[in-house]
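In what follows, every chain begins at residue 1, and chains take the letters A, B, ... in the order their sequences are listed. The shown structure was predicted, so the numbers you read here are calculated from the model rather than taken from an experiment.
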Protein chains: 2
Amino acid sequence: MTVEHDISMSARADIFKALGHAARLAMVIALGKGERCVCELQEVVGSDMSTVSKHLTVLRAVGLVEADKRGKQVYYSLKLPCTLGFVECVDKALRERGH
Amino acid sequence: MTVEHDISMSARADIFKALGHAARLAMVIALGKGERCVCELQEVVGSDMSTVSKHLTVLRAVGLVEADKRGKQVYYSLKLPCTLGFVECVDKALRERGH
DNA sequence: TGGTCATTTGGTCAAGTAGCCAATTGTTCT
DNA sequence: AGAACAATTGGCTACTTGACCAAATGACCA
C-alpha cells in the first residue's frame, strides 16, 4: 500500500491548506534555508507584523513549523523539510507549461 | 539554489490551496491508483455530484488533474504524481505525533 | 425523435479567511 | 521602575469558499 487511509483526510488537507497562501508558502520556503525570527519573515512577505504572526500561528497549528523564543525574538524553523521537495516538483510542472 | 524564485508565489500556493480540502485531496489520492470517472469519485467523497464536479474544476484549473471525455463519462487522471510522495511524508509526520 | 444518464453551470446562503489597526504581553536595558 | 522593542491577540470589515438545489448541456439508446 502506498497511501495510508487510517489517517484523517482533513488532518492531511489542513497541512495543504496551511501552505495554500502565498505569504505562508514564502515563509516556509525562507525557513528552508534556516531558522528566522518573525521580523525577518515580515521582510520576506512585506505585510503587517500582526498578519505575519497570524500566518505563523496557522503554520504552527498544523505542525509545519516550530517556534523557539530566545530573548525578545521568536525564531521559527521548518519541521517538514519534505515540503521543499514538493515545491520543486510543483515548480517543474509550472515551468513546463510556461508560468 | 534549491527553490526557484522567478515563479509566482501565488501560482505555487494555488496548487497547495487546491489540495487543501479533504474531498479534493481524497480524490487526488484515489486518482493515484488510476483514472476514475466523476461518478466513481463521487462515491469516494460522498457528496452531491455538482459539488464533486466543482471540486474537480478547481483541481483542473491548477493543472493537478486532467479530464478526458469518453462517451457519457468524463475520466479524470492525476497529472502531478509527486503529490502522493508529499502525502506520504505528511502522513509520516502525522503518525509520529499520533494522529 | 424522445428519453435517460453523466456531468456541468448558475444561483443562493452560511461559514470561513485575510488584512489592518489598536491594545496587550513579555523581555531587555538603563 | 520605566522606556523600548518583538511578538501576539482582539476586533472589525471585506472578501472568498463550500454546499446544496435546480436547470442546462451533451452523448447514447430505443
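Across B:Leu59, B:Leu64, B:Val44, B:Val65, a single residue satisfies side-chain contact (heavy atoms from CB on, under 4.5 Å) together with B:Leu31, and that is B:Val65. Partner of B:Tyr76 under the side-chain contact (heavy atoms from CB on, under 4.5 Å) criterion, chosen from B:Met27, B:Arg60, B:Glu66: B:Arg60.
When the nucleotides D:dC5, C:dT8, D:dT9 are ranked by their closest atom to the side chain of A:Lys72, D:dC5 comes out on top.
Taking 4.0 Å as the cut-off between side-chain N and carboxylate O, B:Asp14 and B:Arg12 do not count as a salt-bridged pair. In this structure, B:Arg70 pairs ionically with B:Glu35, as a charged nitrogen and a carboxylate oxygen lie closer than 4.0 Å.
Between the P atom of C:dA6 and the CG atom of B:Asp68 lies a distance of 17 Å, rounded to the nearest Å. For A:Arg60 and D:dT9, the CZ to P distance is 7 Å, given to the nearest whole Å. The interatomic distance linking B:Met49 (CE) with C:dT8 (P) rounds to 8 Å, in whole Å. Between B:Leu41 atom CG and C:dA6 atom C1' the separation is 13 Å, expressed in whole Å. Taking atom CE on B:Met27 and atom P on C:dT7, their separation rounds to 12 Å, with Å as the unit. If you take CZ of A:Arg36 and C1' of D:dA6, they are 17 Å apart, rounded to a whole angstrom. Rounded to an integer number of Å, the gap from A:Lys69 NZ to C:dT25 P is 12 Å. What separates CD of A:Gln42 from P of D:dA7 is a distance of 9 Å, to the nearest Å.
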Annotated protein contacts, base or backbone, on nucleotides 17-23 of chain C with a non-hydrogen cut-off under 4.0 Å, one of B, S, - each: SSSBBB-

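Ring geometry, B:His55 versus B:His21: the interplanar angle falls from 30° to 60°, so the pair is classed tilted.
Note that CD of A:Gln73 is 13.0 Å distant from CZ of A:Arg36, once rounded to the nearest 0.5 Å.
An OP1 or OP2 oxygen of D:dA6 is reached within less than 4.0 angstrom by no side-chain nitrogen or oxygen of A:Tyr76.
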